[in-house]
Amino acid sequence: MNIRRSAAALAAATVVLGAAVPAAATPSPTPSVAIPDGLYGTTDPTYDGVWRQSLALLAQRTTGVTPADRAVAWLAGQQCASGAFAAFRADTAKACDAKLMVDTNSTAAAVQALAALGGHQAATEKAVGWLKSVQNADGGWGYTPGGASDANSTSVVTGAMAAAGEKTSEVRKGGKSSYDALLKLSIKCDIDPDGGAFAYQPDKKGALAANADATAAGVLGVLGKGFVTTAGKTSAPPTCDPATAGTPSGLARNGSAYLAQSVHDTGYLKSALPGAEDQPDYGNTADAVVALAAQGWTEQAKKPLAWLEQNSAAWAKQSGPAAYAQLIFAAHAMGTDPRHFGGSDLVAQLDATGPTPQATAKATDQAADADKKDDSDSGYGVWWIVGVFLVAGIGIGFLISVRGRKRQP
């Protein structure tokens, strides 16, 4: 569940690294296409438009914000007649054809957002139908139809199925479910120091390499959870237990044990790119917090959450709406207020990257009207109050009423 991933980044990762590469560095700082009205973010949407819009709207809905109509309309309008979504369609008046690359990740993200928003049952049913039609024989999904199953795609689609009201264990192809696909991508506890982790995909020889991002996704996938979740019940100690690996709960526990160990010392996960020093990976760390919380290991998630609160502001500002959404999902999973996240209001910062949400706009208008009324009411305006306090000489230089000027959810 690499929330920062784009189609281009994923394709490059499959060839070069065999794992998802953060898309934060992928979008061009100078968009090659015009930013459509209603879309969140200012970077080129070619590779992540639907993805970032879906996460932004889902994060707003999760925090009680009603998105702008045109933002929702933009996302809904990206859907193809088949039910699938591409990363971005610049001309929605033109029907989708074989040249347009639709993908499971954009489609699954859109399903999670539209299902949460409500009022889009026909669209989500059509999208779910398309996702079922491209399920692989091993029970999983690849990024594109027919592509080899990977942990991230399988998990984000599983989350979409759950959001749409499907029983994920019953969504099968050839008798195989997403659990069967993820089981094949999990590393056994007793044969590898990275036991419990999930691989993104096997390498050419069939070997599995631990991938933290794939592991966070895999945990949510076997638990049948989407991007938005709350803390599960406290479970057994965070250790990898080979005896439990044959069940979804066991796979989730073992994957969570790997994540807990990975963030134990520093509080964050690292991103390693060829030729570069390891760097903190903010997005994957946020994913890990969500996965650990879903597993019920909130104690193990506290340290990485605190690290994010203290260190993620610059990353989120640079990366845009999907990054803010990712942090909101982590805060929500841990029961932390995203409006007071390390001194930042993640909700306001997300809202500022696109169309003003309906609820915020309404609250702002009401506040402005109230301020005008206060200023015009005889004897009880703001400056009359200021004068009273000045004359009273109680040590207050002035008093300014700011009722309603703060952005409301």
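Only a predicted model underlies this, so the values are computations on that prediction, with no experimental measurement involved.
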Original post:
Can you check whether W51 and F227 have ring centres sitting under 6.0 Å from each other?
Top reply: yes
Subject >> Donor-acceptor contact present, side-chain Q53 to main-chain A71, <3.5 Å >> reply: yes
**OP:** Could you check T239 against R253 for side chain to side chain contact (heavy atoms under 4.5 Å, CB included), going step by step and ending with a plain yes or no?
**Re:** CA-CA 8 Å; T239 57; R253 167 192 167 138; 2.9 Å; yes
Subject >> Any donor-acceptor pair under 3.5 Å from T266 side chain to Y268 backbone >> reply: yes
Original post:
Is K225 close to V228 at the side-chain level, that is, under 4.5 Å between some pair of heavy atoms?
Top reply: no
Original post:
Is a side-chain N or O of D194 found less than 3.5 angstrom from the main chain of A197, in a donor-acceptor match?
Top reply: no
Subject >> Under 3.5 Å donor-acceptor, S319 side chain and A316 backbone >> reply: no
**OP:** Indicate yes or no: at least one non-hydrogen side-chain atom of T144 is less than 4.5 angstrom from one of T104.
**Re:** no
**OP:** For the residue pair R172 and S178, confirm or rule out a side-chain donor-acceptor distance under 3.5 Å.
**Re:** no
Subject >> Sidechain-backbone polar pair: T247 side chain, G250 backbone, donor-acceptor under 3.5 Å >> reply: yes
Original post:
W141 and L131: which non-hydrogen atoms are nearest, and at how many Å?
Top reply: NE1-O, 2.8 Å
**OP:** Could you walk me through whether D281 and K270 pass the side chain to side chain contact (heavy atoms under 4.5 Å, CB included) test, one step at a time?
**Re:** CA-CA 5 Å; D281 193 314; K270 296 179 180 179; 5.9 Å; no
Original post:
Should Q135 and V171 count as side-chain neighbours, where that means a heavy-atom distance under 4.5 Å?
Top reply: yes
Original post:
Nearest heavy-atom pair of A110 and V50: which atoms, and what distance?
Top reply: CB-CG1, 4.2 Å
**OP:** For the pair V33 and F88, evaluate side chain to side chain contact (heavy atoms under 4.5 Å, CB included) and give the outcome as yes or no after the intermediate values.
**Re:** CA-CA 11 Å; V33 298; F88 174 67; 4.1 Å; yes
Original post:
Nearest 0.5 Å, what's the CZ-CG distance between F198 and D150?
Top reply: 12.5 Å
Original post:
Is any side-chain heavy atom of R52 closer than 4.5 Å to a side-chain heavy atom of L55?
Top reply: no
Subject >> Straight-line distance of K173 NZ to N136 CG, nearest 0.5 Å >> reply: 7.0 Å
**OP:** For S262 and L269, indicate whether the former's side chain and the latter's backbone hold a donor-acceptor pair under 3.5 Å.
**Re:** no
Original post:
Is a donor on one side and an acceptor on the other found under 3.5 Å between the side chain of S155 and the backbone of A217?
Top reply: yes
Subject >> Whether over 12 other heavy atoms sit under 6.0 Å from K184 NZ >> reply: no
Subject >> Nearest-0.5 Å distance, CG of residue D337 to CD1 of residue I328 >> reply: 10.5 Å
Subject >> Within 6.0 Å of CZ in R89, more than 12 heavy atoms from elsewhere >> reply: yes
**OP:** Taking all heavy atoms of A330 and all of A286, pick out the closest pair and write down the distance.
**Re:** CB-O, 3.9 Å
Subject >> F341 versus T336, closest heavy-atom pair with distance >> reply: CD1-CG2, 4.5 Å
Original post:
From Q326 CD over to L308 CG, what is the distance, rounded to the nearest 0.5 angstrom?
Top reply: 9.0 Å
Original post:
Shortest non-hydrogen contact from A257 to W297?
Top reply: N-CZ3, 3.2 Å
Subject >> Note, K132 side chain near M161 side chain (heavy atom, < 4.5 Å) >> reply: yes
Original post:
Does any non-hydrogen side-chain atom of P338 lie less than 4.5 Å from one of L327?
Top reply: no
Original post:
Are Q60 and Y324 close enough that a side-chain donor and a side-chain acceptor fall under 3.5 Å?
Top reply: no
Subject >> D48 side, atom CG; S54 side, atom OG - distance, nearest 0.5 Å >> reply: 10.5 Å
Original post:
Ignoring hydrogens and geometry, is there a side-chain-to-backbone donor-acceptor pair from R61 to A116 under 3.5 Å?
Top reply: yes
Original post:
Can any side-chain N or O of T124 pair as donor or acceptor with the backbone N or O of Q121 at less than 3.5 Å?
Top reply: yes
Original post:
Within the distance-only criterion (no hydrogens, no angle test), does the side chain of T353 pair as donor or acceptor with the backbone N or O of L350 below 3.5 angstrom?
Top reply: yes
Original post:
With a 6.0 Å cut-off on ring centres, are Y282 and W307 close enough?
Top reply: yes
Original post:
Is there a donor in the side chain of N254 and an acceptor in the side chain of D241, or the other way round, less than 3.5 Å apart?
Top reply: no
Subject >> Side chains of S106 and D103, donor plus acceptor under 3.5 Å >> reply: yes
Subject >> Gap between atom CD of Q201 and atom CG of N211 - 0.5 Å precision >> reply: 10.5 Å
Original post:
Under the side chain to side chain contact (heavy atoms under 4.5 Å, CB included) criterion, do L75 and L114 qualify, and how do the steps go?
Top reply: CA-CA 9 Å; L75 177 61; L114 293 175; 4.0 Å; yes
Original post:
Applying the side chain to side chain contact (heavy atoms under 4.5 Å, CB included) test to M334, which of T230, L292, V289 qualifies?
Top reply: V289
Original post:
If you look at every heavy atom in T229 and H332, which pair is closest and at what distance?
Top reply: O-CD2, 3.3 Å
Original post:
When you look at CD of Q261, are more than 12 heavy atoms from neighbouring residues, nucleotides or ligands closer to it than 6.0 Å?
Top reply: no
Original post:
Under 4.5 Å between any side-chain heavy atoms of C80 and F85, yes or no?
Top reply: no
**OP:** For residues P67 and Q358, determine if any side-chain heavy atom of one lies less than 4.5 Å from a side-chain heavy atom of the other.
**Re:** no
